[in-house]
Amino acid sequence: LLAASALFSLFLADNYRLAALWTAVTYGMAALLACFLAPVPAGEEDAASLRAQLAGIVRNLRANPRFAGVLSADALLSITGQTVTVFLSQLLYVRLGLPAAVLGVLYIGMTLAGLCGAWSHRLCRALGRTFGPALCLVGAAGCLAAGFSPWPALCVAGVFTLQIVWRLW
């Protein structure tokens with residue numbers, strides 16, 4: 001992703017047709033290479049393991065109904081993070097007049113910012129139970145800043161904030 005973003009920013013920023021062609025070529029090559037991967041054998045223990053896991057989830061939900069709220073928050077934050085940072089961010093940046101070459105540079109920064117998820121366990125240990133709700137509030141603020149800001153810097157900061165919150169969650 002980093003290499004693709006750098007190449008787009010340096011060589012393809014103003015040529016969307018060529019960028020689309022290279023995207024199709026690389027995805028085609030990846031699909032072709034996937035044909036040569038060794039198959040993963042599926043056994044009966046996989047189905048039994050899945051049933052046991054689902055039964056465990058149902059038991060946990062019955063024992064602690066608040067767990068459903070955590071699962072819902074996780075689902076909402078994950079889908080919001082994916083949608084805003086991957087799909088909508090580019091539209092927001094273009095709407096605010098950022099040049100195409102900057103989109104690739106911002107994507108590189110956003111990808112690197114996503115690596116902060118490696119510190120999630122440390123923050124969770126340090127902040128305890130306040131970690132989850134605080135992250136949700138910060139993520140909501142980032143989403144609002146990205147969606148409604150008339151200033152490019154605040155919009156970019158909002159998208160980056162949402163990316164970091166999503167990865168820390």
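Counting from 1, the numbers follow the sequence of the chain as shown.
Checked by atom type and distance alone, the side chain of Gln163 never pairs as donor or acceptor with a backbone atom of Thr85 at under 3.5 Å. No donor-acceptor pair closer than 3.5 Å links the side chain of Thr161 to the backbone N or O of Gly142.
Taking Ile, Leu, Val, Met, Phe, Trp and Tyr as hydrophobic and joining them when side-chain heavy atoms fall under 4.5 Å apart, one finds Ile79 isolated, its cluster having no other members. Applying the under-4.5 Å side-chain rule to Ile, Leu, Val, Met, Phe, Trp and Tyr, the cluster around Phe148 extends to Leu144.
Every side-chain contact (heavy atoms from CB on, under 4.5 Å) that Val25 has, sequence neighbours left out, goes to Leu21, Trp22, Met29. Not a single side-chain contact (heavy atoms from CB on, under 4.5 Å) links Thr26 to another residue, sequence neighbours left out. In this structure Leu98 satisfies the side-chain contact (heavy atoms from CB on, under 4.5 Å) test together with Tyr93, Leu106, Pro152, Val156, sequence neighbours excluded. In this structure Leu77 satisfies the side-chain contact (heavy atoms from CB on, under 4.5 Å) test together with Leu162, Val165, Trp169, sequence neighbours excluded.
Here the closest heavy-atom approach between residue Leu61 and residue Ala68 is recorded as CD2-N, 3.5 Å. Closest approach of Arg95 to Gly147, counting heavy atoms only: NH1-O, 3.5 Å. Taking each heavy atom of Val159 and Ala146 in turn, the nearest pair found is CG2-CB, 3.6 Å. Taking all atoms of both residues into account, the shortest heavy-atom contact from Gly114 to Arg167 is O-CG, 3.2 Å. What you find for Ala73 and Cys136 is that their closest heavy atoms are CB-SG, 4.5 Å. Closest heavy-atom contact between Leu96 and Cys155: CD1-CB, 3.3 Å.
Expressed to the nearest 0.5 Å, how far OG of Ser120 lies from CD1 of Ile164 amounts to 12.5 Å. For the atom pair Phe87 CZ and Leu92 CG, the distance stands at 13.5 Å (nearest 0.5 Å).
Residues Ile57 and Asn60 have side chains not in contact (no heavy-atom distance under 4.5 Å, counting atoms from C-beta outward). Residues Met110 and Ser89 form a side-chain contact, since some pair of their non-hydrogen atoms from C-beta on lies under 4.5 Å apart. Between Phe67 and Leu71 there is a side-chain heavy-atom pair separated by less than 4.5 Å.
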